[in-house]
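For reference, the structure is listed below as structure tokens.
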Amino acid sequence: MGITRTLLPRVRHGLSLLGALAAGMLWAAPPPTADQIAAARAYHESAGGQGLVILHDGQLIHESYANGGNANTQVLLASGTKGFTGLFGAMAAEDGLYRLDDPVAEVVPEWSSDPRRSRITWRHLLTMTSGLDDVKEQSSWESFLQAKAVADPGTLFDYGSAPNVFGAALQRKLGSEKVADYMQRRLFGPLGIQVSWRGNFSDGNPQLSGGAYVRTREWANLGEMVRLGGRWKGQTLISQDRLEQALTGTTPNPAYGLYWWLNREVPDSLAQTAPQFERHILGLIEAAFLPDDFAMAAGAYEQRLYVIPSLQLVVARNGPKSAGGRFDDVAFLSRLLPPVPPRNHTALYWAPLEPGWTLAVSHVGEQVFPVWMTYGEDGSPEWFSLESLKPDAQGVLRGDIVRWTGSPFAPGTAPVPPQRTPAVLGTVTLLFASNGDLEFGVKLGSEPVRTRKLVPLAIDAKPPTCVFTVGSRAGSGNLSGLWWNPEAPGWGVNVVHQGSRMFLAGYTYDGDGTPGWSVALLEHQADGSYRGDMGRPVAGTPFNRTEGLAVTNFPLPLVGTMTLRPENGERVTMEIDAAGVLTSTPIRRFSGALPQTECTD
């Protein structure tokens, strides 16, 4: 029996918008300081702001009114109304009224014979990608259904009247229950939000694109429900999975979900075709201080609802109709939010289409320490260190590929320092994406550069989350990261730890001193240890000849068993039983310049 492909765990690409909530946080994000709140409030009021409410971890930490605003005034949300409408679209799908990718023509049969409109889905309507012409000055919801298609569904982001098209179609699904009553029953009532719909159409239906008036504090309740993953006072109003769908962008506009603006990279051409994009979100996307999980409902007159789960923050901000564009999101949020710490890139990266090789990255202080476990020219397992890494102007790390030789792993023997081979084997580039993925480029000799997109290994649905810390890690229950024995440098063990399981990739030396590596999947035991089989590839495809397929044969041959016995979050005893010979050695977390790395699953 050998180690199978299941040792190469499932991967989730990137971080979800609600990832901080789903994974749990290593530390409670501190609230903004009094000085930060005062600076943000002063800017808000100087731009005509009337209401400002700030919640941290569900607690009201600031509420103020100025420039004619007060706590009891219901303020026009304008397009901020769409934040409600998008969530209702997700809720209706969760209630079984439709599936997001069902054709709307099922309830709008007059679209059925149209080659474009017949293919419009509920998701297209809710993400402004339906391809329908933006019709204005309509007297009723039904009249919006007469809009012509000017583009194929799903190909173009066009910020327009889709919410009212959605409302008309949803009303046909609901039958006798009015859409406004459905909204009240499903969301407004549970959240304690009193909504006044003004400027209704002649048929009495609300303007779902921008006709809601609410109090600032009550609008913040919506943001808090979103921050909590769809829960409110112990009740689940919408499942976290469904909410995450509402907060996921599309190919035409990755920065727009179900009528919510998101902090996502977008095509350069989008600002030219969607002026609302440039006005509402472009500056925020370019702001380095803004966390990836930022989401926003935004309307004219600078009506804003910000939700930032990783900072445990919800901010509702209202301005008057005469605001005149004086408010700037970046100027406001840069005063309120703390600087965002740099992303920690510690992970075991792999290419899902080419299982059988890996890149282990340890991120300490301002340096990354990558070890590349792959195969040599003759197909034998080898590992290389990537050294002299320096960033260029675009943030790409460039460095050398170096080979080492050393003594076989043999605890109890006098360590022999490893030796660096004189020649540099090639060059490497590493570009870490904002979502946690890695673009890995290799140039060997005169051969062309080969590039692969790598993602972090995950045993569960998503990889561990790693952050920087300056404190002791002795109390940490997650052992993800690089481990070594500082008294015998030159080899190491990279760990991905999630729940009751660990995946390990260890690099050391064979009997002839050449570099080799092995992997193991360990399960938690009753005595607190972790134990499992070790496997080692016999041969594989060299990186410069890979073709998007598995690079070694599975299952891997077994070479022994491994047991890790944690003493604390900083020290572990590693035991290896190979061919009946038991070896034991203490290992520690790799450390260097502060800050260090700490992870959670």
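Worth saying up front: this structure is predicted, and the values here are computed from it rather than measured.
With respect to the salt-bridge test (charged N to carboxylate O, under 4.0 angstrom), the residues R335 and D35 do not qualify.
Separation of atoms CG (L284) and OG (S334) is listed at 10.0 Å; rounding is to 0.5 Å. Expressed to the nearest 0.5 Å, how far CZ of R217 lies from CG of L60 amounts to 6.0 Å. Distance check: M502 CE to H524 NE2 gives 8.0 Å after rounding to the nearest 0.5 Å.
Between the side chain of Y43 and the backbone N or O of D328 there is at least one donor-acceptor pair closer than 3.5 Å. Here the side chain of T73 pairs no donor or acceptor atom with the backbone of G69 at under 3.5 angstrom.
Taking all atoms of both residues into account, the shortest heavy-atom contact from N318 to T216 is OD1-OG1, 2.6 Å. The shortest heavy-atom contact between K82 and P163 is CE-CG, 4.0 Å. Scanning all heavy atoms of the two residues, the minimum distance from P309 to R227 falls at CA-CG, 4.0 Å. Taking all atoms of both residues into account, the shortest heavy-atom contact from R242 to A93 is NH1-CB, 3.7 Å.
Note on ring orientation: taking the six-membered ring where Trp is involved, the planes of H363 and H345 are parallel (angle under 30°, cut-offs 30° and 60°). Aromatic ring orientation, F332 versus Y306: parallel (interplanar angle below 30°, classes split at 30° and 60°). Ring geometry for W197 against F188 counts as tilted: the plane angle lies between 30° and 60°, on a 0 to 90° scale.
L504 has its side chain within reach of L564: a pair of non-hydrogen atoms, C-beta onward, lies under 4.5 Å apart. With contacts defined as side-chain heavy-atom distances shorter than 4.5 Å, the pair Q74/V214 does not qualify. Side-chain contact between R452 and L353 is absent, with no heavy atoms from C-beta onward closer than 4.5 Å.
Under a cut-off of 6.0 angstrom, the local environment of CZ in R198 is crowded, with over 12 non-hydrogen atoms contributed by other residues, nucleotides or ligands.
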Show the numbers, then the answer: is there a ring-ring contact (aromatic ring centres under 6.0 Å, His included) between F440 and Y349? CA-CA 10 Å; F440 178 52; Y349 293 88; 9.4 Å; no
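The closest side-chain donor-acceptor pair between Q498 and D601, if any, does not fall under 3.5 angstrom. A donor and an acceptor atom, one from each side chain of S161 and N164, are nowhere located under 3.5 Å apart.
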